[in-house]
Each structure stands twice: as C-alpha cells, then as structure tokens.
Number of protein chains: 2
Amino acid sequence: MPVLEREIGRFQTFLQGQGLKLTSERASLVREIFATHYHFEADELLFKMKEKSVKISRATIYRTLELLVKSGMVRRVHLGEDHYHYEHVSGNSHHDHLICTTCGAVIEFHDSTLEARQREICERKRFTPTFHNLQILGICESCSKKGELPDAPDRVKMIQLGALQLRK
Amino acid sequence: MPVLEREIGRFQTFLQGQGLKLTSERASLVREIFATHYHFEADELLFKMKEKSVKISRATIYRTLELLVKSGMVRRVHLGEDHYHYEHVSGNSHHDHLICTTCGAVIEFHDSTLEARQREICERKRFTPTFHNLQILGICESCSKKGELPDAPDRVKMIQLGALQLRK
DNA sequence: CCAGCAATTGAGACTCAGTCGCAACTCATG
DNA sequence: CATGAGTTGCGACTGAGTCTCAATTGCTGG
C-alpha cells in the first residue's frame, strides 16, 4: 500500500519539524486511519487496533489524533452526536456533510458556490474565515423512498437531543 | 415581562399536548432562558439559578432543556467546544454562527441566498433537509485590527482540538 | 374541594469520552 | 555507554450528561 506509506512519510515530516519522533504506534495508527475511508470515533480506533492485536493504549490514540489534527492530516467533525468524530483529509478536498436522521448515513459533498457565498458573508461582516463546518440533517433518498418521512421531525429533534445512536 | 409569560404559555401548550405539566421549576427555567439573549451551557443555567436562589437540580435542568428542544423553542448548537450550547429560538429566525477563534465572540447571521443554495444541493442529492448547522471559524473585525492575525491558523487547530476555552 | 395517581423532583450514583501524572522505556547522540 | 528528550501504558481523574428511586406535586374526576 504505497499511499499509506506516503501518508506516514507526511506525518513523519511534520513530526520531525516539531522535534518529535515517528514511533511504531504512531505509524500503525496512521496506517489504520488512512485505510478507513469514513468517519470514525477515537474508541472505534482503539477497538480496531485491539482486534488486530496491535497493542496501543487509549492515551496514545488520543495523543496521536491530536498530533494528526495539528498536522492538518485529520480533521475533527461534529456529526450530531455528543462526541467527536474524525476523518482523514485526503489531499485538499474540503467537504461538508448531509446526515440522514433516519438511517444515520453520512453523505459528503463539496460545493464551491456555497463556499463563495460564505466568503461574501464574511466579507460583509469583516470577518476573516479560516475554517467551517456545515451539517445538513434530513432524510436520504433511500429512506424517503421507504416512506420514512412522517417520522422526520421527531428524528431531527432526537439528533438535536443527541439521542440518536448512529450505526449502533 | 409579558414576552416571557407568553413563552411560558407556549411551553405549557406544548406540555399539555404531551400530557405533561408546567411546574414552577420549568417556568423559572423558561423565564431565565428567554431573558438570556445569548448562547448558554446547561451548567451555566444551573449556576445562574443557584445565584438567584432558585432551587433546581441539575437533572431537572437537563430534562427541561430536552423538553424545550423537543418543543422547538430551544435549539442545541455546536460552538466548537466539546459540549453543547443552547439558544432560544426567538420567533422563526434561523441563523448560523461566525465564531472568532481569538476572542471567542459569536456573531449570528442569516443569509437566504446561502440557504437557497443548500436546498439546491440537497435537491441534487435527492436529500430532504430538515435542519442545518453551520459554523464559520475565523477572526472577527476587532481582533484582526488588533493584529491578532498571525496566530489564526494555530487557533483554528486548537478549536479543532477542542482545546480552546472560550470565555473562561 | 379533595382523593388519587401520574408526572415530577432532587440527590447521588453512574457512564463515558477525553485528559493527566507518572514511572518505565526507547533510542539517537556525545 | 551514559544522558536525556520524547514516548508509552496504566490507572486515576474530570466533567458533561444520564439514570434510578423514593419523596413530592399538580391536575382531574367525582
């Protein structure tokens, strides 16, 4: 997997710039994270590493995630639950999320018109934007076909309440 | 304060519709929440009630906030920290947030062009939106005048890391 | 107007994500 | 081969939010 090794190299460069070291624990985490093309939680990562018999502590996972976020290779996202999710930043593709409140599906999208408008708003408010985070909650195509619509308003409230347990 | 009493009435109507009761605790919380024209945390509310010698437990605060979110009178927002903030929904004015990563200021805005574009994106993805949440992080006008700009990228990462303690 | 019961409350135990302190360890460098 | 900066795992800790349960309160029908 040459891509994974390249990411490990990127991380190493970042670490060295900070006077830090690339350890085997950090390398396996990067490998795992960049092999997962989806949002994940810190504890999921811990579990997966255990599954693969890679011995690594929770503290190290959190510490490494922090470094990866600092390096810009991973970002933290809010997905409607009351704790963080993470996703790796593949190249430079910023995107936002449509979150289905019925089945928990997360659909990524990028729209430059939207982003341009955001910049206009910031300009008008004399605000210098550096980062943003947009989640649109609603019902995905397959759920609305299944007629899950009537339940929607309650589900949104549930996600607002943080009560929705996605993928569980 | 006739406005506050009207909100209490709205809440009572909602509660009665659910076979629930308006208690003095719930009424004082609504009064406090709608007197605060800003985002707040659950524990802030607890503290303020203690200050005013209104005896109310933490469990009740959380339970009442849940009911208020269900009723649509209050919404839960993410403001870059690792726990929720709440704000009352005044009338029907939906808005999003510009969050200054230097001073912690939160600027509200509403832009119908932006919202229209979001609806277009959803249509294209055959997604039925019901709610959304947009935070733009950056530097507010007064902070950039003070020349706080160079620090910005780090601050964004800090907020991404959840390490930034706003207003504390 | 009051009995009765469902809804509500407070207190404190609990959960769970995330953090911290610390002793043990690694490993490059002098 | 000693030094020391950086790293690790462990387990204790924190803090937001939830749950349980016994005691209490507010509404409603008689």
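Heavy atoms only: backbone and side chains are in, while hydrogens, waters and symmetry mates are out. In the text below, chain A, chain B and the rest are named by the order of the sequence lines, each starting its count at 1.
Straight-line distance from the CD atom of A/Glu66 to the C1' atom of C/dT19: 10 Å, rounded to whole Å. B/Leu46 has its CG atom 11 Å from the P atom of C/dA11, to the nearest Å. Atom CZ of A/Phe47 and atom C1' of C/dC16 are 17 Å apart (whole Å). Atom CG of A/Leu29 is separated from atom C1' of D/dT8 by 12 Å (rounded to the nearest Å). The distance from atom CG of A/Leu22 to atom C1' of D/dA5 is 16 Å, rounded to the nearest whole Å. Taking atom CG of B/Leu67 as the reference point, atom C1' of D/dG17 lies 15 Å away to the nearest angstrom. B/Phe11 has its CZ atom 13 Å from the C1' atom of C/dA7, to the nearest Å. Separating the OH atom of A/Tyr84 from the P atom of D/dG17 is a distance of 12 Å, rounded to the nearest angstrom.
Between B/Gln16 and A/Ser57, the residue whose closest nucleotide on DNA chain D is further toward the 5' end is A/Ser57. Ranked by how close their nearest DNA chain C nucleotide is to the 5' end, B/Leu15 and A/Tyr86 are led by B/Leu15.
Partner of A/Thr36 under the side chain to side chain donor-acceptor pair (under 3.5 Å) criterion, out of A/Glu87, A/Lys48, A/Glu44: A/Lys48 alone.
Side chain of B/Ile56, nearest nucleotide from C/dG10, D/dG9, D/dG17: C/dG10. Checking C/dG18, C/dG10, C/dT8 against the side-chain heavy atoms of B/Lys55 singles out C/dG10 as nearest. With distances taken from any side-chain atom of B/His83 to the nucleotides D/dC10, D/dA16, C/dG10, the minimum falls on D/dA16. In this structure, of D/dG9, C/dA17, D/dG17, it is C/dA17 that holds the atom nearest to the side chain of A/Asp43.
A salt bridge links B/Arg31 and B/Glu5; the closest N-O separation between the charged side-chain nitrogens and carboxylate oxygens is under 4.0 Å.
Classified by interplanar angle (parallel below 30°, tilted 30° to 60°, perpendicular above 60°), the ring pair B/His78/A/His78 is parallel.
Taking the centre of each ring, B/Phe40 and B/His85 stay at or above the 6.0 Å mark.
For D/dG9, its base never sits under 3.5 Å from the side chain of A/Arg58 at any donor and acceptor pair.
In this structure, a donor-acceptor pair under 3.5 Å is present between the side chains of B/His132 and B/Gln118.
Side-chain nitrogen and oxygen atoms of B/Tyr62 include none within less than 4.0 Å of the OP1 or OP2 phosphate oxygen of D/dT18. One finds a side-chain N or O of B/Thr23 lying less than 4.0 angstrom from the OP1 or OP2 phosphate oxygen of C/dT9. In terms of phosphate contacts, B/Thr60 brings a side-chain nitrogen or oxygen within less than 4.0 Å of OP1 or OP2 of C/dG10.
Inter-residue side-chain proximity for B/Glu115 and B/Asp96 is flagged as met; some heavy-atom pair is nearer than 4.5 Å. In this structure, the side chains of A/Gln135 and B/Phe131 stay at 4.5 Å or more apart for every pair of heavy atoms. Residues B/Phe14 and B/Lys70 meet the side-chain proximity criterion, which asks for heavy atoms closer than 4.5 Å.
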Protein-proximity profile, nucleotides 20-30 of chain C, B/S/- by nucleotide at the 4.0 Å heavy-atom cutoff, equals BB---------
